[in-house]
Amino acid sequence: MIFTLPDLPYTYGALQPYMSSTTLEFHHEKHHQAYVNNLNRLLPESSLEGQSLVNIVKKSYMNFPDLFNNAGQHYNHSLFWNWMKKDGGGTAIPANLQKGIDRDLGGYEQFRTKFIDAGTNQFGSGWCWLEVKDGIFSISQTPNGENPLIHGAVPLLGCDVWEHSYYLDYRNLRKKYLEVFFDHLINWEYVEELYSTSGTET
Ligand code: MN3
């Protein structure tokens, strides 16, 4: 099976002024495409050809580091595009999701602070996450192409804090980028969809 670059669910200009069309175009056409190309190139050297992307991510961890990085990034970015939408973000969170946020994270404000802090404090490249494991929500951060899957959790929301995701628009202000992502870009309906199909809803 050959993996392919998914189309964005919106145009390159759709997320302006919060994410520029230049950032989005380079991020999608150059960075994500490179992960897909490397994944396809490295896959035959593993015993994982023909498996699902999730299985390739889980099984390549530790065993095939180069393959893992690229498979992880293909998985992460395929979700990331859907985690954003025009006029998203803010407090308009579906009730079911809000319930878990109140129950496990101390409500919206604490969730927002913890999520932004996780991304701001991730040293170097990586991601910050809202994840669910055994029905419990938590916030985490991972380096490089890692994600919650390999820690037995399901990612519900993630933000890419590699510099390629924000440096053209926000320079060194990673926290500002995360605040804008949270307040103006998150597609909460997609987060809710991942939660309701995660099999861990309580
Ligand atoms: Mn990226």
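Since the structure is predicted, the reported quantities are computational estimates derived from the model, not experimental observations. Order of appearance sets the numbers: ligands from 1, and atoms from 1 within every ligand. The residues of the chain are indexed from 1 along the displayed sequence. Every heavy atom of this structure was used, including side-chain atoms; hydrogens, water molecules and symmetry mates were not.
- Distances from the Mn ion (ligand 1) show that His32 has no N/O/S atom below 2.8 Å.
- Between His28 and Trp81, the angle of the ring planes goes over 60°, which puts this pair in the perpendicular group of the 30/60° scheme.
- Note: Phe181 and Phe80 have parallel aromatic rings, judged against thresholds of 30 and 60 degrees for the angle between ring planes.
- Atom CE of residue Met84 and atom CG of residue Leu79 lie 11.5 Å apart, to the nearest 0.5 angstrom.
- Within Asp160, the N, O or S atom lying nearest to the Mn ion (ligand 1) carries the name OD2.
- Phe182 has its ring centre less than 6.0 Å from the ring centre of Tyr108.
- At least one N, O or S atom of His77, from either the backbone or the side chain, sits less than 2.8 Å from the Mn ion (ligand 1).
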